[in-house]
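Report on one structure; see the data block that follows.
Each chain gets a letter, A, B and so on, in the order the sequences are listed, and its residues count up from 1.
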Amino acid sequence: MSTIPRAEQDPPAEAAAAIPEFCNAAGSGVSLLDEVRDLVAHEHLLRSLVMRDLTVRYKRSVLGVLWTMLNPLLMMLIFTLVFSVFFRFAIKHFEVYFLSEYLPWIFFSQTTANSMASMAWNGPLMKRVRIPKSIFALATTLSGIANLAISCIPLAIIMLIKGAPFSSAVVFLPVSFLILGVFTLGVSLTLSSLSVYFADIKETYQAAVFGLMYLAPIIYPMSIVPEKYLWLVRLNPLVHLLQIVRDPIYNGRLPTPHDLVISSICALAALISGWLVFRRLSAGFYAQL
Amino acid sequence: MSAVKAIEFDGVTVRFPTTRIPFVKEWFVRKLRGTAAVDTFAALSDVSLDIQPGECLGLIGFNGAGKSTLLRVAAGVITPSAGRAVVRGSVAPLIELGTGFDHELSGRENIFFNGALLGRSQRTMRARTDEIVEFSGLGQFIDLPLRTYSTGMVARLAFSIATAVDAAVVLLDEILAVGDASFRERCEERIRRFHKSGCTILLVSHDLASIEKLCDRVVFLEEGRIVALGDPPEVIRAYGERSGFHELRHNRSLSPGVPE
C-alpha cells in the first residue's frame, strides 16, 4: 500500500519526516494562516473546480462563448435602442460605453450569486471531507474573472466595428480586474456564508443587486444625475470599482487616483469583513447544510 | 504504548441545533426579543480517547450513538463545540461513500476529482488509476457517467479510490455494509493490509463479526458517551447485552428473533 513515497502530500517536510498534525479544536474558528495553507494544499481541487466551471460553460467552444455573451449583447442592443435612440443620450459609442461597465457588473453580480449556489451545491462535499470551505467562493471568483477576460474579446470586436479608439491604457485592466476581484471575493464570502444559514438571503440580494445596478452610471451618463443626488450614487462602491474598468477601455486613460484609492479601500474592507463573517460562521456550516 | 498518539480525542463535545431560524427577518425579530439562541442536543458528550499509531479501533453502538460524529470530528469535517481532536498523519476519510462524486462525470474523471478533494494531484492519481479500476471491478463502466452506476458500484469505486491514496490514518464508516459478499471480503482483506502496513484505522460498523476479526480494541458508544472500551469480545458482549435490552425497550415488535 504505502510503497510509493509520500512526497505529493507533504512536499517540503518530507525529508525531515515531519508528520502533518491536524488539530480540530473548539474555539474562535479557523485562523487566516491555516486557511491559506489549507487552500495551497488543495490547489488541485481549486484548479479542478475552476476548470469544471469553465468547461461546463465552454464545452461547446464557440457556442459557449456566444452563450456567455448573449445576455450582455442583447442588453447592449436594448439599452442602445432605448437610451441612445429613444432618450437620445449624447454618448459617443454608446455600445462601448455601456459594455465597459456592464461586463464587470455582470461579473460581480453573477459571481456573488454563483457563490451562494455553489455553497448549497457543494454542501455534501463539505460534509464528507475536510476542505477549506472558502475554496468555493474563491473558485467562483476565479472562474468569473476568466469569463470577464474572455468577454473582452467580443468587446474588442465591437470597438473595432464601431471605430471606437483603443488606448494603451488597457494594459492597466488586469490591475482593475484584480481590485474588482478582491471586492467580489469579499462580498461572496459574506453572502455565501450567510446563505448557508438563511434561505431568504438569495432573494433579498437579488432585489438589492437590481437596485445597485441602476444606482451606478452603467446605462446613463453621470452628467444626468442632479447635483443633490450625486452623493447617493457615489455611495455605491461599485460606481468607483466599475469606473476603473471603464476608464482604460472607453475614456482611453488610466483611472484617476481618487477612484483607485476608493476602490482599493472598498475591496480590502469587503475582503476583511467577508473573512470575519466566514470565520464566525464556517464552524456551524455542517449542522446547517 | 507509544508516547505519541495517532489520534487524541480530548473532552470532545459536539452540539447540534435542534431548530433552525431559516430567515434573516425572523432572526432579527428573535434577536430583538432576545430569543435568537436555539436549542441544541449533544451528539457527543465529553469523549476522551487515545488511539495508538498502527491501531485498528472499532466503534460500535446503536443508531444515533455518535459513532459517525466522532469519525467526522477526526476527519475535521465537524468542529467540536468543546474539547479538541488531534490527528497526526495524512487522513483518508471514507465517510458517506460516494457523496463527493459528480454524477455527470465518468468514473475515471471522478477518480481525479476525488483525488483532488483529498488533496492529491493529478499525477498521483494517474499513477493509481489502474489499481483503482482493477480493485473496483468496474471494468468498462469506468468510462461511463456515474449516474449509470448502481449504488453498490458507486460505493465500490469510492472505496477503491479512498483506500488507494496513501494515508497514515484511515477512517471507515459502514463500508462493509455495501457491495456484495466478494467485494466485502476484498474490503476486509484491504483493511487487514492497511493494518499490517502500520496505518491507524478507525472503523465504524454494525457488522460485529468483522469488528471482532479486524480490530485491536473496540469502543461502545451510547448517547454520545463511551460506555465500554477494551478487548473486542468483551465490548461486543456488553453491546450484545445492551442490544437485547435496547430492542426490548424501544423496538419490542421488531425483535422476535433475538434470543434473550
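Contact annotation for A/Val40: neither backbone nor side-chain heavy atoms come within less than 4.5 Å of a heavy atom of chain B. The contact between B/Arg20 and chain A is made entirely by side chain atoms (from C-beta outward), counting heavy-atom distances below 4.5 Å. In this structure, the portion of A/Tyr197 lying under 4.5 Å from any heavy atom of chain B is its backbone and not its side chain.
B/Pro80 and B/Val12 make their closest contact through CB-CG1, 4.0 Å (heavy atoms, listed as atom of the first residue, atom of the second, distance).
Ionic pairing of B/Glu223 and B/Lys67 is not present here: no N-O contact between side-chain nitrogen and carboxylate oxygen is shorter than 4.0 angstrom.
Among residues at least two apart or in separate chains, salt bridge (charged side-chain N to carboxylate O under 4.0 Å, His left out) pairs with a member in residues 23-38 of chain B are B/Glu26-B/Arg30.
Counting heavy-atom pairs closer than 4.5 Å to chain B, the top residue among A/Asn24, A/Asp38, A/Leu45 is A/Asn24.
Scored by the side chain to side chain contact (heavy atoms under 4.5 Å, CB included) test, A/Ser115 finds A/Thr140, A/Ser188, A/Ser192 as partners (sequence neighbours excluded).
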